[in-house]
Amino acid sequence: MSQYDFIEIEKKWRQFWLDKGIYKVENDSPKPKYYVLDMFPYPSGAGLHVGHPLGYIASDIVARYKRLNGFNVLHPMGYDAFGLPAEQYAIQTGQHPSITTENNIQTFRRQLDQMGFSFDWSREVRTSDPNYYRWTQWIFGLFFTHWYNKKTNRAESIETLIAHFETAGNVNLDAASSDILIFSAEDWQNADAQKRDHILNDYRLAFMDETTVNWCEALGTVLANEEVVNGVSERGGYPVVRKKMKQWALRITAYADRLLEGLNTIDWTDSIKEIQRNWIGKSEGAEIDFTVAESELKIPIFTTRPDTIFGATFMVLAPEYEGLEILCSDDRKNAVMEYANKAKNRSEIERMADTKKTGVFTGAFATNPFTKKPIPVWVSDYVLAGYGTGAIMAVPAHDERDFEFAKAFDLEIIPVIKPINEEIIEPLSEAFSAKDGICFNSGFLNGLSVKDAVKRAIEEVEKSGIGKKKINYKLREAGFGRQRYWGEPFPIIFENGIPKLVKELPVILPEVESYKPSGTGESPLAAVTNWVHTPEGKRETDTMPGWAGSSWYFLRYMDPENSNAIADKTALNYWNQVDLYVGGSEHATGHLLYSRFWTKFLFDLGIISWDEPFKKLVNQGMIQGIGELLPRYTLEDNSMNMAGSSRIEYENSGEDRILRNLYIEDQSLNQFIPQNIMLPRNRNVEEDKVFWHVYVSEDIANSLNLTGFAKYRIESNFVENDFLDIPQAILTSKKLINSEFGFNIFVCSDGVWINNKFYGKIENAVGNFKTISEVEKMSKSKDNVITPDDVISKYGADSLRLYEMFLGPLTDSKPWNTHGIEGVSRFLGKFWRLFFDGENFAVNEEKATAEELKILHKTIKKVSWDIDNMSFNTSVSAFMVATNELGQLKCKKREILEPLLILLAPFAPHITEELWDLLHQANIQASHLPQGEGLGSIHLQSWPALDEKYLVENSFSYPISINGKTRTQLEFPLDMETAEIEKQVLSDETVLKWIDGKPLKKIIIVKGRIVNVVV
RNA sequence: GCCCGGGUGGCGGAAUAGGUAGACGCGCAGGACUUAAAAUCCUGUUCCCUUUGCGGGAGUACGGGUUCGAUUCCCGUCCCAGGCACCA
């Protein structure tokens, strides 16, 4: 019998593909293009587990499928090689991050290679390669030299802005900018270089921003908002505090509206779009000035509910509010400033931990512009400085936060909105924040609905000149500097403090002596004095963040070697958008947002001709691990703890020790009795410090009526069908139970294992130690990691690929079950045997029957539909069905098997290539040509054409329901008239029995589907 | 708290336009081949009643509704996973 030897086969064909370069793709082709991309991996040192390649397998299937369907497919891979882990490692060991990175890449590459992916490796890119990052620096330069014109709604050269300044100052300019005062042409002309630079900085798309940043002392760097989770750093979990710092930022807010609008044009999951929408956080409302009583000061506020303005009974300012001090009355000044300083310096954790409202009164009063009543001005950290104007009008009756604050400080609560057809009951027990209500207590707004009142209030505000309609975004400018070593240097030199672009690119990352953060907030680069100080001035020593290189990498694959441009114009035009992007959903507000931002910017500059990078995005689910837990029982009366870390009594008895009170079955008495067990003296452990972990087998637990258990994690390798295989486990490992210290005792009816030795009647007793499985994240710390390497060496890459797809829908998270792979492995064996008769390759040239053709075409239809819809699990089962059916028919006909082989090729590239080779043994060697001439590789063939005529049925077995319950089946020709079907159905014996003489109400006949008789 | 998914056998899952619920695989049970094992093949496997067969009943988280017919559509409840969280 010819064996399917996957080890030999897979090795052989991978080498063959490499030698012949069959996955190399050209930029000029008459074929239609298709661009399938996997998310840029960071090459971590940990290596892959089976969850990582899930998306790669799916995208590889699509890439191969598209190729077989006549597309020129771009399917590249590369590395997001700058990043914190390599640098942290460098700090600890002194090893250059480039070395760590290189090693990690090699491991990664080896693991990818063994899976048989069809990447065109000649296009590999690495963000840490100077030939790559010179273009990241180049794009940064473009951001630096452009501003955003809101009138034309696009980025424009800074030159056009300067021209405007020359003639009109910044009057009549509608630009995305930092807060800036109006100045005239004369002001501009009189300004010195320093002053001009400050002005330009406020308009540049890449600019120096003084912001409150997330400062992580332990990592010595600033973190982006999304890198801070629950107040600690995402990597490492170090505390993060807020700190003022001047650093580079990109003016992403200029694009907020386009980033929002663009979401409607792309085929992404609703959840990712929703996350981005929330992140951008557009809200429409009004900005209204409140005047401070007995003063010239005005406090502008932003509100989305101007309809509630008659209920504004106080104001609240953020602790960081500019001019806060001037505002305070003298007697309140100290208290206010003390509160503000304390609030400013609180870390994120502290702020979040505190849910109770705090604040102090400033002593100042403002005037409610509509009620004209004086209202007190407070300061509190529940108002954020960075959103809106940093000040709010508080409407405690209709805002939960204001309500809480008013309650805490006993401030006035005046309801102004009431539910439709209901009266409001005072005092309010909670804020009424619903948006369906009617205004009252509200002057000219009385009787209006919330929606109408908002409109009306804004009209009134604008008419009286105290404010205007306003749109606000939650989105903040994107911090673009890291005080770290392992990243792209900025192409910036400060000449007399004024940043100037370096023309000569790349600016190479210099060598440093130490990778440690300076602690002063400067990067390790600051210590390289001969690099920092140039004749022109001082270099920028921050480096770019991790997302810089990954925001445009999909363009570089189109033309990775190009030294004149990010990619050649024709290549950019040809490959265009990424048609299918596969990756995890964890990048929703990072990479996926920034890439869209950069794409829109490059589009504005005419560098590319489309403004969304990824047409379709699919997020693969997580593959989870299964943890195996062993229950620990306790005796019901608590007379003895049978398990866990409680101590078992023992006593010294000369050389050996005796363990008392172990419940062990006494066969003669047929019950479990406490027994003492001799423990040989062979340990060097202090007796007092020894804990005995005792586990009893299920039968004993049951018969002793043991209840209540804790669970203890054990290595899943030793679990076979939910039972712990103790002898095997003990043979293989001493680390069976992951306990800090102690020894294990396993008690079953046949005897006991003590400290890995068996004492009992039967050799090789197994017991029945039933385990409990739990689905959990696959991770090293949980000891449940399954690596592709292990699976491949046992079952082969084709089995692994098929199984990962078979597990369930790509986008779902699902647990990895090691037993399940036997199924697909068996399937491949069966599929292999379709081509053989015992030892001999037995494919024949006989004419296929209608039945066999139907099986083939049904499969073509199903698999094509499935791949188009990313439903890979169902196509694997379609292959299984076809193989079972053809096996039953003993069909060994080339007419059937050859097209079937091509169908399977994207899923299982190795075995299909081998069988294809056997099918064309005679002329294969001569005809292996890279571009698909002659017979060549199976992966250069054409997808079989579907012919529906083989699927046409002429009769159908109708399920016959009586009152919606299926009772029988009747076979009728498909072209039979409904009248005739009705007649036959109503004369059928079973049907008559169920009708049981009751009057016929109705009969529904859906041709080719169902018959339902209603009585 | 808010937003977005989801809930189908012992398990992973299928049902692609409202039309035979449980495809395919795992596991389990039984059988064939074999000196034996492995491999392979065959049969059964939602639950309950009946059990010799025939048959009957219930059933897609729960409670309602629309419909000749609902896993699929609508309303309410519960549970699970993910995201956001003082954004005025």
Side-chain angles (χ1 to χ4, degrees), chain A residues 1 3 230 269-275 277-279 281-283 285 301-305 308 312 316 351-352 354-355 357 380-384 386-389 391-395 398-402 404-405 433 472-476 585-586 588-589 621-622 626 721-722 773 775 802-803 806-809 811-827 829-830 833 861-862 865-866 868-869 871 873-881 883-884 887 957-969 1001-1006 1008-1015:
Chain A
M1 173 100 180
Q3 276 294 314
N230 293 328
T269 57
D270 288 339
S271 83
I272 297 269
K273 287 189 189 181
E274 201 55 33
I275 292 170
R277 280 192 195 107
N278 291 339
W279 192 258
K282 178 179 183 168
S283 47
I301 58 98
F302 173 73
T303 179
T304 55
R305 295 289 305 272
T308 62
V316 187
R351 280 178 61 114
M352 294 201 331
D354 212 349
T355 50
K357 294 275 182 286
S380 170
D381 66 357
Y382 86 91
V383 172
L384 304 176
Y387 183 76
T389 62
I392 60 157
M393 65 170 199
V395 185
H398 304 290
D399 182 283
E400 281 160 40
R401 298 151 301 181
D402 297 344
E404 273 176 51
F405 193 80
S433 54
N472 252 316
Y473 298 93
K474 280 197 241 176
L475 187 69
R476 303 296 151 84
S585 54
E586 66 273 19
T589 54
M622 261 197 316
I626 294 182
N721 297 333
D722 293 339
S773 311
V775 173
L802 275 173
Y803 185 53
F806 185 61
L807 225 40
T811 53
D812 288 6
S813 289
K814 56 248 157 188
W816 177 271
N817 177 327
T818 301
H819 291 296
I821 198 171
E822 305 273 354
V824 293
S825 177
R826 250 169 242 162
F827 155 71
K830 261 191 228 178
R833 285 190 300 277
K861 188 175 182 177
K862 175 83 181 135
W865 193 94
D866 281 347
D868 285 332
N869 291 280
S871 173
N873 54 328
T874 48
S875 30
V876 176
S877 74
F879 287 125
M880 289 172 169
V881 171
T883 302
N884 289 344
S957 177
Y958 284 86
I960 314 295
S961 316
I962 286 87
N963 288 338
K965 275 250 168 260
T966 308
R967 295 300 177 184
T968 185
Q969 303 229 340
K1001 249 200 197 147
K1002 203 173 187 180
I1003 178 161
I1004 287 108
I1005 297 166
V1006 185
R1009 286 258 181 221
I1010 199 168
V1011 176
N1012 192 10
V1013 182
V1014 189
V1015 293

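The analysis underlying the following values was restricted to heavy atoms, covering all of them including side chains, and did not include hydrogens, waters or symmetry mates. Just so it is clear: chains get the letters A, B, ... in the order the sequence lines come, proteins before strands, and each one is counted from 1.
One can place CH2 of W279(A) at 11 Å from C1' of A85(B), the figure rounded to the nearest angstrom. In this structure, I1004(A) places its CD1 atom 12 Å from P of A70(B), rounding to the nearest Å. Counting to the nearest Å, the P atom of G25(B) and the CD1 atom of I821(A) are 16 Å from each other.
In this model, the phosphate group of A14(B) is approached by a side-chain N or O of N873(A) to a distance below 4.0 Å at OP1 or OP2. Put simply, Y958(A) has no side-chain N or O that comes within less than 4.0 Å of OP1 or OP2 on U20(B). Between R277(A) and C2(B) there is no side-chain polar atom (N or O) within less than 4.0 angstrom of OP1 or OP2. For A39(B), the OP1/OP2 oxygens have no side-chain nitrogen or oxygen of R826(A) closer than 4.0 Å. Between S283(A) and A88(B) there is a side-chain N or O to OP1 or OP2 distance below 4.0 Å.
Rounded to whole Å, the P atom of A29(B) lies 34 Å from the corresponding atom of C80(B). Between G10(B) and G19(B), the distance separating the two C1' atoms is 30 Å to the nearest Å. Across U8(B) and C4(B), the matching C1' atoms stand 22 Å from one another, rounded to whole Å.
Taking only side-chain atoms of I275(A), from C-beta outward, the nucleotide of A14(B), C24(B), G83(B) with the closest atom is G83(B). Relative to the side chain of N884(A), the nucleotides G19(B), C24(B), C68(B) differ in distance, and C24(B) lies closest. With A23(B), G25(B), C68(B) as the candidates, the nucleotide lying closest to the side chain of S877(A) is A23(B). The side chain of T303(A) sits closest to A88(B) out of A14(B), A88(B), G57(B). Taking every side-chain heavy atom of E274(A) into account, C3(B) is the closest of C3(B), C68(B), U20(B). The side chain of T304(A) sits closest to A88(B) out of G83(B), C24(B), A88(B). When each of C68(B), G57(B), C24(B) is scored by its nearest atom to the side-chain atoms of F806(A), the top-ranked nucleotide is C24(B). Distance from the side chain of N1012(A) is smallest to G69(B) among A88(B), G69(B), C86(B). Distances were taken from every side-chain heavy atom of T966(A) (C-beta onward) to each of C26(B), C24(B), U20(B); the shortest belongs to U20(B). Among the nucleotides A14(B), C86(B), U16(B), the one closest to any side-chain atom of K862(A) is U16(B).
Judged by atom type and distance alone, K357(A) reaches the base of C86(B) through a side-chain donor-acceptor pair under 3.5 Å.
Of the two residues near RNA chain B, N963(A) and P959(A), the one whose nearest nucleotide lies more 5' is P959(A). Along RNA chain B, the nucleotide nearest to P809(A) and the one nearest to D270(A) differ in position, and the one closer to the 5' end is contacted by D270(A).
Side-chain N/O atoms of K830(A) and N884(A) include a donor and acceptor closer than 3.5 Å.
Relative to the ring axis of Y382(A), K357(A) places its NZ or CZ within 45° and under 6.0 Å from the centre.
Helical stems in RNA chain B, defined as runs of 3 or more consecutive Watson-Crick or G-U wobble pairs with both donor-acceptor distances under 3.5 Å, are listed by first residue as B:1-3 with B:82-84, B:5-7 with B:78-80, B:10-12 with B:24-26, B:27-32 with B:40-45, B:46-49 with B:55-58, B:61-65 with B:73-77.
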